[in-house]
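Heads up, the thing below is written out as structure tokens.
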Amino acid sequence: MKKISLLGATGSIGIQTLDVIESHPEEFKLVAMSFGRNYKSGSDIINKFKPEFVAVKDKETYEHLKSEFSSQDVKLGYGEEALIEAAIYDGVECLVNAVVGSVGLIPTLKAIENNITIALANKETLVTAGHLVTEHAKKYNVNILPVDSEHSAIFQCLQGESFKSIDRLIITASGGSFRDRKREDLVDVTVDQALNHPNWSMGAKITIDSATMMNKGLEVIEAHWLFNLPYDKIDVLLHKESIIHSLVEFHDRSIIAQLGTPDMRVPIQYALTYPERLPLKEAKRLELWEIGKLHFEKADFTRFRCLQYAFDSGKIGGTMPTVLNAANEEAVAAFLSGEITFLQIEELIERSLDKHESIANPSLEQIQEVDQLTRNFVQTLI
């Protein structure tokens, strides 16, 4: 039985991870978990899965849990140190990092140091500090297994293949909530409209990132680090049905693609069971005759400016992707709270990137400092 730690248990990926664990009780055991402030959902998960350790974001939530579970054998903690403790809790074999934002970086590094396999759904970890994370994984001989559907697709396509034979990666994108709108139609869009994704059920932040295509940009940077390929060998292809999750083209011009219905439990389960597969009984079978047609478009970098920002930041490297991510997190939070308009997300990111002079090969401390300075700068603009 594989012992699992799940960071971000009440989020979209967290809930679907729990569904996979529940479907295979003979294979997986949840021993540690974290969540933010969603007390009701967190409490339900604790009662159902009986983890040994639970980390929460703040003291108030901790006190509520402490009162409710005083008679039960569960250890509790709050804050950053508790998040790290959950990641490396005694006996954990696989860390599913499903928290949102750069807060997932330190727990990932600590888990790697403890020889814990990483199932990574937190793309910001590689975006902000890809060189540190990949060097750490190599040093400690730890696998980083992708949970994002696109990177899982690429990873599956590469099984049995030589990395030397790769000519390019083709990452597919649904286009998000506003894929059929022209840029001038985005001036007055609402938060509710932006959160209405046509294909996937995801958390608020990632759904907004999908609408701006920043999500795809972050995935490009993540793919660069996961598969050790330069940016000129990574393409983005608009594919509104989300049936082909990504493709790999080889030197001989053969292309291998991974297909399936839009169901995040598939890549989650593959990361937990790799290199084996288990049945996913409730997953919908893909019947191509029902789909009938698949549509593809070239990515428009003028229409989706955040995608251009991501490619540019990745190519510059150093601390530039850290600025990209931090500015985006602050801007998206401001949009969700009604402080700025949808198109102002791009404006805040662009101004942050223009202001920054990238630091090459930054240390963890430099990354953390740049991250905080960027957030402060965006807040002054807001």
Side-chain angles (χ1 to χ4, degrees), residues 2 4 13 16-17 20 23-24 27-28 93-97 108 112 115-121 123 125-126 130 133-173 216 219-237 239 241-281 283-288 291 294 296:
K2 186 176 289 186
I4 308 294
I13 296 296
Q16 292 175 89
T17 300
V20 170
S23 298
H24 302 285
E27 298 285 342
F28 307 118
E93 298 167 84
C94 179
L95 168 66
V96 180
N97 186 345
T108 298
I112 290 172
N115 297 110
I116 295 169
T117 297
I118 308 298
L120 191 63
K123 57 179 63 68
T125 288
L126 287 180
V133 176
T134 52
E135 287 168 7
H136 235 51
K138 186 175 181 180
K139 176 181 178 180
Y140 291 95
N141 194 29
V142 167
N143 284 330
I144 300 178
L145 304 175
V147 168
D148 270 347
S149 61
E150 296 83 359
H151 302 98
S152 177
I154 293 168
F155 185 64
Q156 293 178 60
C157 290
L158 290 173
Q159 297 307 303
E161 301 289 346
S162 170
F163 272 65
K164 296 178 181 179
S165 300
I166 301 172
D167 192 61
R168 63 171 174 157
L169 307 179
I170 306 170
I171 301 175
T172 56
K216 208 53 50 180
E219 287 173 5
V220 167
I221 298 174
E222 186 180 7
H224 163 75
W225 291 112
L226 281 172
F227 305 109
N228 193 29
L229 285 174
Y231 288 96
D232 60 5
K233 288 184 176 289
I234 305 172
D235 284 347
V236 173
L237 179 69
H239 167 50
E241 290 85 4
S242 297
I243 295 299
I244 298 178
H245 300 304
S246 278
L247 312 89
V248 179
E249 182 179 12
F250 298 92
H251 288 160
D252 62 1
R253 295 296 176 259
S254 293
I255 294 180
I256 296 179
Q258 191 264 338
L259 289 72
T261 55
D263 187 341
M264 279 304 301
R265 294 174 304 163
V266 176
I268 291 168
Q269 181 168 289
Y270 188 67
L272 293 182
T273 63
Y274 175 80
E276 307 297 332
R277 292 183 186 267
L278 289 175
L280 195 56
K281 297 176 182 177
K284 183 181 178 182
R285 186 187 297 274
L286 174 61
E287 299 286 8
L288 288 174
I291 305 298
L294 298 176
F296 306 95

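Everything quoted here is computed from the prediction, not taken from an experiment. All residue numbers in this chain count up from 1 along the given sequence.
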Can you check whether [Y]'s main-chain N or O pairs, donor with acceptor, with [X]'s side chain at less than 3.5 Å?
X	Y	value
His245	Glu150	no
Asp167	Arg253	no
Asp263	Arg265	yes
Thr172	His239	no

Quick one: [atom1] on [X] to [atom2] on [Y], what's the gap to the nearest 0.5 Å?
X	Y	atom1	atom2	value
Glu241	Phe296	CD	CZ	7.0 Å
Lys2	Thr273	NZ	OG1	7.0 Å
Gln159	Tyr270	CD	OH	4.0 Å
Ile256	Ser246	CD1	OG	13.5 Å
Ser242	Leu259	OG	CG	11.5 Å
Thr117	Ile112	OG1	CD1	10.0 Å

TODO: Run through Val20, Val147, Thr17 and flag the one making a side-chain contact (heavy atoms from CB on, under 4.5 Å) with Met264.
DONE: Val147

Task: Residue among Asp235, Leu247, Asp148, Ile154 satisfying side-chain contact (heavy atoms from CB on, under 4.5 Å) with Ile171 - done: Ile154

Nearest heavy atoms of [X] and [Y], plus distance in Å:
X	Y	value
Val248	Leu158	CG1-CD2, 3.9 Å
Glu27	Leu278	CG-CD1, 3.8 Å
Leu229	Ile234	O-CD1, 4.1 Å
Ile166	His251	O-NE2, 3.2 Å
Leu226	Pro146	CD1-CB, 4.0 Å
Ile116	Leu95	CG2-N, 3.6 Å

Open item on the list: Among residues at least two apart in sequence or on other chains, which ones pass side chain to side chain contact (heavy atoms under 4.5 Å, CB included) with Ser165?
Closed with: Ser162, Phe250

Task: Ion pair check, Glu219 and Lys216, cut-off under 4.0 Å - done: yes

Open item on the list: Please determine whether a side-chain nitrogen of the Lys or Arg among Glu135 and Lys139 lies less than 4.0 Å from a carboxylate oxygen of the Asp or Glu.
Closed with: no

- [ ] Answer yes or no: is there a side-chain heavy-atom contact under 4.5 Å between Ile291 and Leu286?
- [x] yes

Open item on the list: Is the shortest side-chain heavy-atom distance between Leu272 and Cys94 below 4.5 Å?
Closed with: yes

Task: Pairs flagged by ring pair (Phe, Tyr, Trp, His ring centres under 6.0 Å) wherever residues 144-165 is involved - sequence neighbours left out - done: Phe155-Tyr274

Open item on the list: Before you tell me yes or no, could you show the steps for Val133 and Trp225 under side chain to side chain contact (heavy atoms under 4.5 Å, CB included), namely the whole-Å CA-CA distance, both residues' side-chain angles and the distance that decides it to 0.1 Å?
Closed with: CA-CA 9 Å; Val133 176; Trp225 291 112; over 6 Å; no

TODO: List the steps and the verdict of side chain to side chain contact (heavy atoms under 4.5 Å, CB included) for Thr108 and Ile144.
DONE: CA-CA 10 Å; Thr108 298; Ile144 300 178; 5.8 Å; no

When you look at [atom1] of [X], are more than 12 heavy atoms from neighbouring residues, nucleotides or ligands closer to it than 6.0 Å?
X	atom1	value
Asp232	CG	yes
Lys233	NZ	yes
Asp252	CG	yes

TODO: Please check if any side-chain donor atom of His24 sits under 3.5 Å from a side-chain acceptor atom of Gln269, or the reverse.
DONE: yes

